[in-house]
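Only one structure is covered here, and it is reproduced in the block below.
What you see below is based on every heavy atom in this structure, not just the backbone, and it leaves out hydrogens, waters and symmetry mates. Just so you know, these numbers come straight off a predicted model, no measurement behind them.
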Amino acid sequence: HAAALAARQTAEDAQGKARAEHTDLSTRLNTAKAELETLRDAGREAERLQGDAARHREREQKLAALQRDSAALLGAKRAFSQAQAAYRKAADEAGGAADLYQSRQRLFLDGQAGVLAQTLRAGEPCPVCGAREHPAPAAPHPNAPDKAELAALRERAEAQAAEAAARSGEAATRAGGVQAAQAHLAD
């Protein structure tokens with residue numbers, strides 16, 4: 001009977017070990033299933049995070065482009081403002097030169113009667129009216145310019161008018177640059 005008891009004890013021990021191994025295996029299986037589910041969730045979470053990261057990169061790129069476009073607009077406005085100021089200055093200078101030329105030309109024309117009167121001789125006909133007597137010949141204008149001075153003033157006025165026109169064209173080009181930068185920024 002001792003042998004039967006020993007065999008029974010051995011069988012019970014083996015059964016206990018088998019139960020313990022079964023419990024251990026069940027626990028390990030449940031742990032593995034939980035880990036598998038966590039890994040599945042992690043994969044979905046990784047995909048979501050990758051999508052978020054891609055959207056974030058796209059926003060960063062758009063923001064960087066917006067900053068570049070904004071800086072370009074600011075630069076275009078600055079260049080336009082400078083071109084506009086240069087045009088105003090050139091236009092003022094051209095206007096002053098034109099006014100000076102016109103006033104000096106009036107003096108020149110007014111002084112021509114005096115220049116002509118210097119050539120009159122008693123008894124000889126006047127080149128304008130043909131009279132042989134010259135009772136009150138005009139005096140030369142003391143401030144009248146000569147032809148060379150008048151020509152120089154005309155050339156200066158024309159050069160400054162050309163400069164003003166060039167500055168106007170530059171300002172117009174810069175204004176177009178501002179409009180283009182604004183349109184690009186609006187896109």
Lys/Arg N to Asp/Glu carboxylate O, Arg40 vs Glu37, below 4.0 Å: yes
Spatial distance of atom NE2 (His22) from atom CD (Gln15) [nearest 0.5 Å]: 12.5 Å
For Cys126 against Cys129, the heavy-atom pair lying closest together: SG-N, 3.5 Å
Atom CZ of Arg44: over 12 foreign heavy atoms under 6.0 Å: yes
From CD (Gln105) to CG (Leu150), nearest 0.5 Å: 5.5 Å
Shortest non-hydrogen separation from Ala164 to Ala94 and the atoms involved: CB-CB, 4.1 Å
Side chain to side chain, Val178 and Arg174, heavy atoms closer than 4.5 Å: no
Spacing of Arg121 atom CZ and His134 atom NE2 [to the nearest 0.5 Å]: 9.5 Å
For the student: nearest non-hydrogen atoms of Pro125 and Gly130, plus distance: CB-O, 3.6 Å
Hydrophobic cluster partners of Leu5 (side-chain heavy atoms under 4.5 Å): none
Non-hydrogen side-chain atoms of Pro127 and Leu120 separated by less than 4.5 Å: yes
Short N-O contact, Glu93 and Lys89, less than 4.0 angstrom: yes
Set of side-chain hydrogen bond (donor to acceptor under 3.5 Å, both in side chains) partners for Arg55, sequence neighbours left out: Asp52
Full working for salt bridge (charged side-chain N to carboxylate O under 4.0 Å, His left out) between Arg57 and Glu60: CA-CA 5 Å; Arg57 279 190 301 276; Glu60 283 179 339; over 6 Å; no
Side-chain donor or acceptor of Arg132 paired with backbone N/O of Gly123 under 3.5 Å: yes
Pairwise distance CD(Gln102) to CG(Leu153) - rounded to 0.5 angstrom: 11.5 Å
Distance-minimising heavy-atom pair for Arg156 and Ala97: NH1-CB, 4.3 Å
Side chain proximity check, Phe108 to Asp146, heavy atoms < 4.5 angstrom: no
Test side-chain contact (heavy atoms from CB on, under 4.5 Å) applied to Lys77 and Gln182, step by step: CA-CA 10 Å; Lys77 283 183 175 183; Gln182 286 173 331; 3.9 Å; yes
From CD (Glu12) to CZ (Arg19), nearest 0.5 Å: 9.0 Å
Heavy-atom check, side chain of Leu66 versus side chain of Lys62, under 4.5 Å: no
Partner set under side chain to side chain contact (heavy atoms under 4.5 Å, CB included) for Thr38, not counting sequence neighbours: none
Separation between CZ of Arg106 and NE2 of His141, rounded to the nearest 0.5 Å: 11.5 Å
Crowding at CZ, Arg28 (>12 non-hydrogen neighbours, <6.0 Å): no
Side-chain ion pair, Lys17 and Asp13, N-O less than 4.0 Å: no
Greater than 12 external heavy atoms within 6.0 Å of Phe80's CZ: yes
